K.L.:
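Please find one structure pasted underneath; my questions will follow.
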There are 2 protein chains.
Amino acid sequence: MPVNKPVSRILQYRNCLLKFRSLGFKKVFSYNLGEEAGVSPEQVRKDFSTFGIKGRKKGGYFINELVGTINELFNSNQSQQIIVVGMGNIGQALTQYINNDESYVRIIAAFDINPVKLRMKFIIPVYPVSELGEFVKKEKIKIAVLAVPDIAAQEMCNKLIESGIYGILNFTPLILKVPDNVIVSNVNIQNEIEELIYLVNFKK
Amino acid sequence: MPVNKPVSRILQYRNCLLKFRSLGFKKVFSYNLGEEAGVSPEQVRKDFSTFGIKGRKKGGYFINELVGTINELFNSNQSQQIIVVGMGNIGQALTQYINNDESYVRIIAAFDINPVKLRMKFIIPVYPVSELGEFVKKEKIKIAVLAVPDIAAQEMCNKLIESGIYGILNFTPLILKVPDNVIVSNVNIQNEIEELIYLVNFKK
DNA sequence: TAGATTGTTAATCGATTAACAATC
DNA sequence: TAGATTGTTAATCGATTAACAATC
């Protein structure tokens, strides 16, 4: 559920550019990127225009240059540190998943209310929720992954915001109530599957 | 990335209704649902209208009735069987996650090209990809979760479609090329996080 | 130069919101 | 009845697409 379409498409373009580069290409045209990203060439150019990205008339875009520009735009050169709250099934899986690949994003700590989790061994340290505020302030964390049980979602969300978090990747099925300056991105896999089932069975 | 907004909102409304019901409520008004789902009351009524769902003027909607209607609409009373392709980190995690809760959806089998995976013990049987077509036909599977390495994504996607799959929940970062009658829903957690980081750091 | 591609403005399309009649 | 809420039609808004001048 992309919060901002041009932003999410720019990230998609970067994925495509990396793929093109790995295939040995040096430059691309808007229709190459459009094809690969599943959008029209006009959309690609429009998005670039939105972000002030320039190509060369007739010459397309140099892949290296373009990737660099996007990385600068997203500050992707310096690694980004985030945390996860809730070390159940999803919390654990996401931590592995995100910290496993060669991305700029790192989950550097987890928080849980369950004392059992604190004693367990994970690939990142797990702290009690009571230490959340202090940690977020000290490490200047801005983004958190929320993977707690439904019943605790809104309460933990409030605690995150109190602690200084401004962006939440919400894996609970609830729509969180947050102030305007906080951004929430919802990932609801259950609903995605049910939607697919519906569309496949009942629509064209 | 919801493929169809009214559909995904209807599913969100159902989540909200279940929450209301668990709190002891018997009926709701469009503004209750809107508040809980994070949309306007007009949006709620419009969506209901799209799906032919009727309330009672001045009387709102009975929760039990409404949940029943939505379940019928989505065929959610009979359990839905799907498969997962790729039993790496995400594949395993998703399988646990989806099969763990009290949902209507079940992942009934996994497929992998890695012979090591075939010998491992999971909560569902794991078969070689060579048996995909036969299995899909025999069990009349329509939906698959794609969780293979990037490099294998498009190829495995093609194989799924050949085998008779019409809906794909795509966890790879690639945009898959599929015919018009196949529906793909993309879940790109990496991009979601980067988008959050961008929006938090650079926008309002 | 001719042809191809960019970047941007204008037109179109679709989705959301506002308005309001129906009615309980 | 008066007030509140639904259901739908019309108006608005925003996003996508089309068109095209600039230019390499």
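What's counted below: heavy atoms across the whole structure, side chains too, no hydrogens, waters or symmetry copies. The sequence lines fix the lettering, A, B, ..., with proteins before strands; numbering per chain opens at 1. Keep in mind the model is a prediction, meaning the values are calculated, not measured.
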K.L.:
Checking side-chain contact (heavy atoms from CB on, under 4.5 Å) for the pair A:Gln96/A:Phe122: CA distance, chi angles, key distance, verdict?
P.N.:
CA-CA 9 Å; A:Gln96 276 212 8; A:Phe122 295 109; over 6 Å; no
K.L.:
Does A:Arg56 qualify as a cation-pi partner of A:Phe62, given the criterion of NZ or CZ under 6.0 Å from the six-membered ring centre and within 45 degrees of its axis?
P.N.:
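Yes - A:Arg56 lies over the ring of A:Phe62, closer than 6.0 Å to its centre and within 45° of its axis.
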K.L.:
Distance under 4.0 Å to a non-hydrogen atom of chain B counts as contact; along DNA chain C, which nucleotides mark the start and end?
P.N.:
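Contacts span C:dT16 to C:dC24, reading 5' to 3'.
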K.L.:
Output yes when A:Lys27 and A:Glu65 qualify as a salt bridge under the 4.0 Å nitrogen-oxygen rule, no when they do not.
P.N.:
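Result for this pair is no, no salt bridge flagged.
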K.L.:
Determine the contact category for B:Gly55: base if any of its heavy atoms lies under 4.0 Å from a base atom, sugar-phosphate if only primed atoms, P, OP1 or OP2 are that close, otherwise nothing.
P.N.:
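It contacts sugar-phosphate atoms only.
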K.L.:
Which of parallel (below 30°), tilted (30 to 60°) and perpendicular (above 60°) describes B:Tyr127 and B:Phe111?
P.N.:
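Ring orientation, 0 to 90° scale: tilted.
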K.L.:
For A:Lys54 and for A:Lys58, locate the closest nucleotide of DNA chain C by heavy-atom distance; then report the residue assigned to the nucleotide nearer the 5' terminus.
P.N.:
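By nearest-heavy-atom nucleotide position, the 5'-most residue is A:Lys58.
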K.L.:
Side chains of A:Arg106 and A:Ser79: donor-acceptor distance under 3.5 Å anywhere?
P.N.:
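Distance-only check fails for A:Arg106 and A:Ser79.
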K.L.:
Looking for any heavy atom pair under 4.0 Å, which part of the strands does A:Lys46 touch: base, sugar-phosphate only, or nothing?
P.N.:
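If one applies the 4.0 Å heavy-atom cut-off, A:Lys46 turns out to touch a base.
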K.L.:
In terms of side-chain geometry, is the basic nitrogen of A:Lys138 or A:Glu131 positioned less than 4.0 Å from the acidic oxygen of its partner?
P.N.:
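A salt bridge is absent here (no side-chain N lies under 4.0 Å from a carboxylate O).
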K.L.:
Quick one: on DNA chain D, does B:Phe48 or A:Arg56 contact a more 5' nucleotide (nearest heavy atom)?
P.N.:
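On the 5' side of the pair lies B:Phe48.
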K.L.:
Using a distance-only test with no angle check, is there a side-chain donor-acceptor pair under 3.5 angstrom linking B:Gln154 and B:Asn158?
P.N.:
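Yes, B:Asn158 and B:Gln154 have a side-chain donor paired with an acceptor closer than 3.5 Å.
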K.L.:
List DNA chain C stems (3 or more consecutive Watson-Crick/G-U pairs, under 3.5 Å)?
P.N.:
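If one scans DNA chain C for consecutive Watson-Crick or G-U pairs, the stems found are C:3-24 with D:3-24.
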K.L.:
Kindly assign one of parallel, tilted or perpendicular to the pair A:Phe48 and A:Tyr13, based on the angle between their ring planes and the thresholds 30° and 60°.
P.N.:
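A:Phe48 vs A:Tyr13 ring planes: perpendicular.
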